[in-house]
Amino acid sequence: MASGAAPAPQPSPAPQPRPGRVLVVDDDPTVAEVVAGYLDRAGYVVDRAADGPDALVRAAGHRPDLVVLDLMLPGMDGLEVCRRLRERGPVPVIMLTARGDEDDRILGLEVGADDYVTKPFSPRELVLRVESVLRRSRPAGPRAPLGAAGLTVDPAARRATKNGTELALTLREFDLLAFLLRHPGRAFGREELMREVWGWDFGDLSTVTVHVRRLRGKVEDDPARPRLIQTVWGVGYRFDPTGDRHEGGDSHPAPAGEVS
């Protein structure tokens with residue numbers, strides 16, 4: 001390089017993705033501090049709230065990318081907080097519960113929680129769950145819209161409609177519908193759906209059952225007699241774009257412990 005010559009321009013560093021903002025809502029300061037610490041070290045921006053009203057105020061001030069929400073909060077419980085957050089728009093929610101009772105877990109899923117973790121839990125596992133939920137809430141790349149039986153799904157816009165009317169789907173409901181639309185006529189077991197849609201190799205299979213029931217309530221003309229998302233006897237579920245009933249489908253009750 002000649003003396004006095006200007007140095008060659010250096011390429012600008014590639015823009016870094018914005019770290020996810022996580023709102024941790026727990027009235028136990030020890031739990032909140034530990035969870036926030038692990039998430040902070042994992043690169044997330046963390047807000048904390050000790051009760052439901054404070055959580056709603058903080059979520060309104062800085063919209064989170066995900067909420068870690070304790071079920072048992074004083075005054076306004078986690079279920080009500082989740083409902084009110086959903087009224088403001090879609091946001092992924094991981095519910096924390098100190099109870100092992102299945103009814104509590106299902107209640108959380110019924111109001112739209114995308115995942116739940118039962119106390120006591122491993123903070124590292126919680127961070128992995130947060131990463132999994134956020135990864136699936138952000139489109140991996142451009143994908144063509146899907147459509148069948150009056151349903152359309154636009155993965156890039158994260159938008160789904162039925163006969164032109166937009167559907168209010170949670171993160172997992174959207175992913176489940178998109179997956180089924182990509183594989184019409186094929187039966188999937190709950191384990192397979194959990195792996196392909198949730199990205200988990202293990203977990204409570206009632207999570208899949210609840211999400212199928214919720215999704216049927218939004219896409220079926222008669223959720224009590226589903227024609228699009230059918231139960232396949234002894235196997236799991238199948239999306240039938242023709243809406244025809246098949247022998248061995250929902251015309252028969254599922255056996256104890258099986259899908260419904």
Could you go through the side-chain contact (heavy atoms from CB on, under 4.5 Å) check for M95 and L79 one step at a time?
CA-CA 9 Å; M95 195 79 77; L79 297 176; 4.1 Å; yes

Give me the atom names and distance for the closest heavy-atom approach of [X] to [Y].
{"X": "P123", "Y": "V34", "value": "CG-CG1, 3.8 Å"}
{"X": "V232", "Y": "A187", "value": "CG2-CB, 3.9 Å"}
{"X": "L181", "Y": "A148", "value": "CD2-CB, 3.9 Å"}
{"X": "L193", "Y": "W198", "value": "O-CE3, 3.5 Å"}
{"X": "G185", "Y": "P241", "value": "N-CD, 4.4 Å"}
{"X": "L73", "Y": "D70", "value": "CG-O, 3.5 Å"}

Could you check K162 against D221 for salt bridge (Lys or Arg N to Asp or Glu O under 4.0 Å), going step by step and ending with a plain yes or no? CA-CA 10 Å; K162 176 184 178 182; D221 292 332; 2.9 Å; yes

**Q.** Test side-chain contact (heavy atoms from CB on, under 4.5 Å) applied to T152 and L146, step by step
**A.** CA-CA 6 Å; T152 61; L146 306 163; over 6 Å; no

I'd like to know if the side chain of [X] reaches the main chain of [Y], judged simply by a donor and an acceptor atom lying under 3.5 Å from each other, with no hydrogens or angles considered.
{"X": "E220", "Y": "R225", "value": "no"}
{"X": "R88", "Y": "L56", "value": "yes"}
{"X": "E196", "Y": "F179", "value": "no"}
{"X": "S206", "Y": "T209", "value": "no"}
{"X": "D77", "Y": "E80", "value": "yes"}

[X] and [Y] ion-paired at < 4.0 Å:
{"X": "R158", "Y": "D154", "value": "no"}
{"X": "E87", "Y": "R84", "value": "no"}
{"X": "D47", "Y": "R58", "value": "no"}
{"X": "R48", "Y": "D54", "value": "no"}

With a 4.5 Å limit on heavy-atom distance, are the side chains of [X] and [Y] in contact?
{"X": "L96", "Y": "Y116", "value": "no"}
{"X": "V45", "Y": "V22", "value": "no"}
{"X": "V91", "Y": "L66", "value": "no"}
{"X": "V67", "Y": "P64", "value": "yes"}
{"X": "Y44", "Y": "D65", "value": "no"}
{"X": "V210", "Y": "V208", "value": "no"}
{"X": "L23", "Y": "V68", "value": "no"}

[X] side, atom [atom1]; [Y] side, atom [atom2] - distance, nearest 0.5 Å:
{"X": "D175", "Y": "L215", "atom1": "CG", "atom2": "CG", "answer": "11.0 Å"}
{"X": "R159", "Y": "T161", "atom1": "CZ", "atom2": "OG1", "answer": "6.0 Å"}
{"X": "Q230", "Y": "R216", "atom1": "CD", "atom2": "CZ", "answer": "8.5 Å"}
{"X": "E173", "Y": "K218", "atom1": "CD", "atom2": "NZ", "answer": "3.5 Å"}
{"X": "R129", "Y": "E125", "atom1": "CZ", "atom2": "CD", "answer": "4.5 Å"}
{"X": "D26", "Y": "D51", "atom1": "CG", "atom2": "CG", "answer": "11.0 Å"}

Before you tell me yes or no, could you show the steps for R186 and F188 under side-chain contact (heavy atoms from CB on, under 4.5 Å), namely the whole-Å CA-CA distance, both residues' side-chain angles and the distance that decides it to 0.1 Å? CA-CA 7 Å; R186 179 178 167 186; F188 292 93; 3.4 Å; yes

Query raised in the report: Is there a donor-acceptor contact under 3.5 Å linking the side chains of T242 and D240?
Result: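 Side-chain D/A pair, T242 to D240: present.
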
Check: T97/T118 side-chain N/O donor and acceptor closer than 3.5 Å: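 Side-chain D/A pair, T97 to T118: absent.
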
Aromatic contact, H183 with F239 (centres under 6.0 Å):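 Judged by ring-centre distance (under 6.0 Å), H183 and F239 do not meet the cut-off.
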
Walk me through it: do D114 and I94 pass the test side-chain contact (heavy atoms from CB on, under 4.5 Å)?
CA-CA 6 Å; D114 299 283; I94 296 178; 5.7 Å; no

Within a radius of less than 6.0 Å around CZ of R124, do more than 12 heavy atoms belonging to other residues, nucleotides or ligands occur?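 Incorrect, the count does not exceed 12.
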
